Number of protein chains: 2
Amino acid sequence: MLEDLPEGWAQLIRRAGYRLTRPRQAVLRVLAESEVALTVAEVHRRARARYPRLGLVTVYRTLDLLLNLGLVHRLPGEVGGQLYVRADLHPHGHLLICRSCHRAVEIPCTGLEEMTHEVERQTGFAVQGHWLELFGLCPACQEGTDG
Amino acid sequence: MLEDLPEGWAQLIRRAGYRLTRPRQAVLRVLAESEVALTVAEVHRRARARYPRLGLVTVYRTLDLLLNLGLVHRLPGEVGGQLYVRADLHPHGHLLICRSCHRAVEIPCTGLEEMTHEVERQTGFAVQGHWLELFGLCPACQEGTDG
DNA sequence: CTCCGTATTGAAATCCATTTTCAATTATAC
DNA sequence: GTATAATTGAAAATGGATTTCAATACGGAG
Ligand SMILES: [Mn+2]
Ligand SMILES: [Mn+2]
Ligand SMILES: [Zn+2]
Ligand SMILES: [Zn+2]
């Protein structure tokens, strides 16, 4: 039952004084099994496959619990809902946005690890995630000659 | 009346085919005069001092217009509302934000140049700027988190 | 294993940011 | 001025997140 959770999750949660209930286990497994960031609604949908009575409220509460324990990251999303991912995977929210046509492209993340560690050393913060946007003009909009 | 707007805002908006109405001017000036990012509600509150009949809906619509024209940035915020700032104040912003107490610290920018050039080569975009936020827990808030 | 105290749960109500709708208003071209 | 289409604000609708509270289930004590 608990063996397919990531290393130490169960112990961490118990040691923090929380009970490992069935609803929580359902949410935990969904997060544990996903390599990509999920919306709360999607977590709910998937976790219901394991525990159909699961309420959306419990999903919120469990995600909050995991967030406080540092086991997941919450990515600040655009309007319409935050995203959650396992903290041991790298959280990504990187967009390249055209200022003219507003088209957005996802870009890979490189070279932020160093900056993160440097910042942690200098400030004492425990960095949990990041958000990066690049702005510019897409190829199509570069051809237009407007100001 | 229009002279205290940032360089070119009025022309840009007119050239894009939008009318420069009194409600819009009220919102524009509020954004123009603020050096810090504002919530929509705060923009509404301030703009009402100039144009009391102003509706919240128009604030949303005008901010969206400014966003599409690239005159303001929208900061993907935590739960509770997005923030808007003049784009020309922070061609790139760098903030480290505590998720618990919401304290924000400015951080230096290092190592994004390479990523920018790489992205330009791969996508054909002309990158003009960026916005980077790191999220985590400040030293003070880390202490109250274990038990 | 059973009993019990308490943490946890889910439905419903509530809150709050954002969007949609639509009739009335207003900016701008002519 | 007049015409015309963009713009406006009130109100309703939407949708994510939080609060409330009685019912439930976990996990330690016996
Ligand atoms: Mn990244
Ligand atoms: Mn920078
Ligand atoms: Zn474009
Ligand atoms: Zn803090």
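Source: prediction; values computed, not measured. Numbered from 1 within each chain, the chains take letters A, B, ... in sequence-line order.
- Atoms CD (A:Q82) and P (C:dT18) sit 12 Å apart, rounded to a whole Å.
- One interatomic measurement links the two molecules: OH of A:Y60 to P of C:dA11, which rounds to 15 Å at whole-angstrom precision.
- For the atom pair CG of B:L66 and CG of B:L31, the computed distance is 6.0 Å after rounding to the nearest 0.5 Å.
- Between the A:Q128 side chain and the B:L137 main chain, no donor and acceptor come within less than 3.5 Å of each other.
- Among residues two or more places apart in sequence or in another chain, the salt bridge (Lys or Arg N to Asp or Glu O under 4.0 Å) test is passed with A:R24 by none.
- Nucleic acid contact for B:L54: sugar-phosphate only, since backbone atoms but no base atoms lie under 4.0 Å from a heavy atom of the residue.
- Under the side chain to side chain contact (heavy atoms under 4.5 Å, CB included) criterion, B:Q11 pairs with B:R15, sequence neighbours left out.
- The side chain to side chain contact (heavy atoms under 4.5 Å, CB included) test applied to B:E118 returns B:R121, B:Q122, not counting sequence neighbours.
- Rounded to the nearest 0.5 angstrom, A:L83 CG and A:E42 CD are separated by 11.0 Å.
- Following rounding to the nearest Å, A:D64 (CG) and D:dG16 (P) show an atom-to-atom distance of 17 Å.
- Note: B:Y84 OH to B:L63 CG = 5.5 Å, rounded to the nearest 0.5 Å.
- Between A:L56 and A:L65, the residue anchored closer to the 5' end of DNA chain C is A:L65, taking for each the nucleotide with the nearest heavy atom.
- Applying the salt bridge (charged side-chain N to carboxylate O under 4.0 Å, His left out) rule to pairs touching residues 51-65 of chain A yields nothing, sequence neighbours excluded.
- Taking B:R22 as the reference, nothing meets the side chain to side chain donor-acceptor pair (under 3.5 Å) condition, with sequence neighbours excluded.
- Atom CZ of B:R74 and atom P of C:dA17 are 15 Å apart (whole Å).
- We find that OH of B:Y84 is positioned 10 Å from C1' of C:dA17, with the value rounded to whole Å.
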Do any N or O atoms of the protein come closer than 3.5 Å to N or O atoms of nucleotides 14-16 of chain C, and which pairs are they?
none

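- Side chain of B:R48 to backbone of B:L54: a donor-acceptor contact under 3.5 angstrom is found.
- At whole-Å resolution of the value, CG in A:L66 and P in C:dT8 are 13 Å apart.
- With rounding to whole Å, B:H44 atom NE2 is found 12 Å from D:dA10 atom C1'.
- Each end of the helix from C:dC1-D:dG30 to C:dC30-D:dG1 gets its own axis, taken as the rotation carrying the C1' atoms of four end pairs onto the next four within a five-pair window, and the two axes meet at 30° to the nearest 10 degrees.
- When the side chain to side chain contact (heavy atoms under 4.5 Å, CB included) test is applied to B:A16, the partners found at least two apart in sequence or on another chain are B:Y18, B:L69.
- Atom C1' of nucleotide D:dA10 and atom CZ of B:R48 are separated by 12 Å, given to the nearest angstrom.
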Checklist outcome for this item: With sugar-phosphate taken as primed atoms, P, OP1 and OP2 and all else as base, the protein-contact string of nucleotides 23-29 of chain C at under 4.0 Å (heavy atoms; B, S, -) is ---BBS-

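- In this model, the phosphate group of D:dT18 is not approached by any side-chain N or O of A:R61 to a distance below 4.0 Å at OP1 or OP2.
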